[in-house]
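Notes for the one structure printed next.
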2 protein chains.
Amino acid sequence: MDTSKLHNKVVSYIKNEIVQGRLLPGSKLPTERELASSLSMSRNSIREGLRVLENIGIITPVQGSGNYISLNFDETMSEMLSFMYFLKGIDEEQVIEFRWMIEEEALKLSLHRMKEEDIKALKTNLSALIASKNEEEKIQYDQMLHSTIVNACGNDFLIANYNAFTSFMDSHIKSMRQRIVRGMESSHLLEEAHRKMVEGLIQSDLDLSLQGLHDHFGYIEQYKK
Amino acid sequence: MDTSKLHNKVVSYIKNEIVQGRLLPGSKLPTERELASSLSMSRNSIREGLRVLENIGIITPVQGSGNYISLNFDETMSEMLSFMYFLKGIDEEQVIEFRWMIEEEALKLSLHRMKEEDIKALKTNLSALIASKNEEEKIQYDQMLHSTIVNACGNDFLIANYNAFTSFMDSHIKSMRQRIVRGMESSHLLEEAHRKMVEGLIQSDLDLSLQGLHDHFGYIEQYKK
DNA sequence: AGAAATTTGTTCGTATGTATA
DNA sequence: TTATACATACGAACAAATTTC
């Protein structure tokens with residue numbers, strides 16, 4: 001870490017306190033004045049460091065009370081992805097392509113790692129998806145179903161990536177899910193794709209699951225040749 | 001974006017300037033005093049906002065000169081991944097698993113997207129890997145070869161993820177590459193794995209490429225059943 | 001080459017709004 | 001309700017690095 005800037009002193013200090021187990025989620029940090037005193041730096045520099053920690057998702061400041069350990073990185077990652085999207089002018093095909101990749105790999109992992117409650121949740125989501133009448137509901141249950149699958153995969157990096165990406169998609173390309181849902185010529189095809197995914201997961205049938213995923217995203221021809 | 005805090009004013013202001021195309025990479029921001037004046041806030045608050053922008057990777061401050069648009073998110077992502085790694089106590093198998101997933105998907109994409117120069121670079125890397133005598137060199141060329149493949153895949157999200165992850169691995173689990181290299185019982189196996197990957201890519205033979213990748217990471221039994 | 005001006009880095013002091021006991 | 005503790009915010013000043021003349 002860059003130690004040339006003074007404000008990074010408090011960043012690495014707090015990080016280290018967390019790593020050492022002396023600060024846990026919910027813990028209250030020393031007051032800004034105390035930090036300034038103990039680290040021998042001004043309160044302004046302390047505050048600049050705290051803004052970095054806040055931005056990373058490590059702390060949450062509460063005026064009048066104090067700074068608290070929070071530990072939620074998804075939002076920051078999502079913000080960065082959003083900005084990348086704008087700046088690089090990334091086209092939507094790349095977005096779908098990436099989402100497809102993540103979900104395919106998650107599917108492979110979840111196949112053998114799903115717990116009873118995950119399967120139960122999947123069945124519920126699928127039923128709700130099929131039962132839902134309007135597009136808005138379909139989109140909602142579609143999202144929940146995919147999220148359930150990925151969050152059961154057991155790989156924290158993959159999960160964090162997906163959650164950040166999902167949050168990014170929902171805030172900046174809201175219409176994407178809608179277009180995917182509409183892209184399935186009839187709602188029957190959409191239901192069928194999800195049914196395959198869920199059935200495959202329950203029966204540990206990878207090919208069936210992947211076929212469902214393929215049906216779901218398959219209208220992108222560029223990917224997978 | 002949270003607008004309750006004053007310092008976020010400058011964050012959204014600069015972001016918007018970039019999105020509007022009025023600030024490009026390399027552009028110099030108005031001075032802190034100018035920003036303070038034009039946004040009607042103190043220099044201290046401006047600076048807190050600039051620390052956020054710096055942390056995201058949007059600007060790079062230069063003492064005595066100014067703040068400049070930079071746009072490199074890899075480092076921030078890498079830092080967050082690092083911290084996730086520490087905090088969640090993620091085991092190394094998950095790390096390798098995630099890397100494997102990324103590389104496998106990148107391989108599939110690169111197979112049809114590699115340019116002449118990429119193939120040339122691959123051949124060079126492979127030769128250098130085979131020719132290298134000591135372990136340190138092997139590790140270096142191993143890294144370059146994998147990086148070449150991923151960066152040819154054409155998906156910016158995947159590439160950003162890989163670069164962040166690579167940077168994270170190299171700074172926190174330096175020994176991982178070493179162990180992979182040593183994990184191949186003889187250096188012949190390591191060379192063979194890479195040869196398959198490169199040959200497969202050149203001949204558009206996906207199975208051969210994937211087999212090479214599998215040989216490379218295959219000592220993890222948990223993944224891929 | 002060197003001095004002056006500019007700009008970020010850092011500090012101190014002060015005032016205000018919010019939370020908590 | 002009051003008092004205390006705390007984060008939020010401002011302004012002025014000096015140090016250090018860079019740019020300009």
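The sequence lines fix the lettering, A, B, ..., with proteins before strands; numbering per chain opens at 1.
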Rounded to the nearest Å, what distance is computed from the NE2 atom of residue A/His7 to the P atom of nucleotide C/dG9?
8 Å
Residues of residues 24-38 of chain A with any non-hydrogen atom less than 4.0 angstrom from an atom of DNA chain D: list those, numerically ordered, please.
A/Thr31, A/Glu32, A/Arg33
Distance, rounded to the nearest Å, where A/Lys5 contributes NZ and C/dT10 contributes P:
8 Å
Between B/Ser147 (side chain) and B/Met144 (backbone), is there a donor-acceptor pair under 3.5 Å?
no
Where each residue is assigned the nucleotide of DNA chain C containing its nearest heavy atom, which of A/Tyr68 and A/Ile46 is assigned the position nearer the 5′ end?
A/Ile46
What I'd like to find out is whether the side chain of A/Met197 reaches to under 4.5 Å of the side chain of A/His146, using heavy atoms alone.
yes
For residues B/His216 and B/Trp100, determine if any side-chain heavy atom of one lies less than 4.5 Å from a side-chain heavy atom of the other.
no
Applying ring pair (Phe, Tyr, Trp, His ring centres under 6.0 Å), can you list everything that pairs with A/Phe98, at least two apart in sequence or on another chain?
A/Phe165, B/Phe157
Measure from CD on B/Glu48 to P on C/dT8 and round the result to the nearest Å.
16 Å
Taken to the nearest whole Å, CG/A/Leu6 to P/C/dT8 is 18 Å
Taking only heavy atoms on the protein side, list every residue of residues 54-67 of chain B lying under 4.0 Å from any atom of DNA chain C, sorted numerically.
B/Pro61, B/Val62, B/Gln63, B/Gly64, B/Ser65, B/Gly66, B/Asn67
A/Asn125 vs A/Leu129 side-chain heavy atoms within contact, under 4.5 Å
no
Would you mind telling me which of D/dC10, C/dC12, C/dT8 lies closest to the side-chain atoms of B/Arg47?
C/dT8
Is the backbone of A/Asn163 close enough, under 3.5 Å, to the side chain of A/Ser167 for a donor and an acceptor to pair up by distance?
no
Is it true that a side-chain atom of B/Asp142 and a backbone atom of B/Lys138 form a donor plus acceptor pair closer than 3.5 Å?
no
Rounded to whole angstrom units, what separation is found between the CG atom of A/Leu39 and the P atom of C/dT11?
11 Å
So, taking the atom named OG1 in A/Thr148 and the one named CD in A/Gln143, what distance separates them when rounded to the nearest 0.5 Å?
10.0 Å
Does any N or O in the side chain of B/Lys9 come within less than 3.5 Å of the main-chain N or O of B/Leu39, such that one atom is a donor and the other an acceptor?
yes
Write down the distance between CE (B/Met41) and C1' (D/dG11), rounded to a whole number of angstrom.
14 Å
Rounding to an integer number of Å, can you tell me how far A/Leu50 CG sits from D/dA7 P?
8 Å
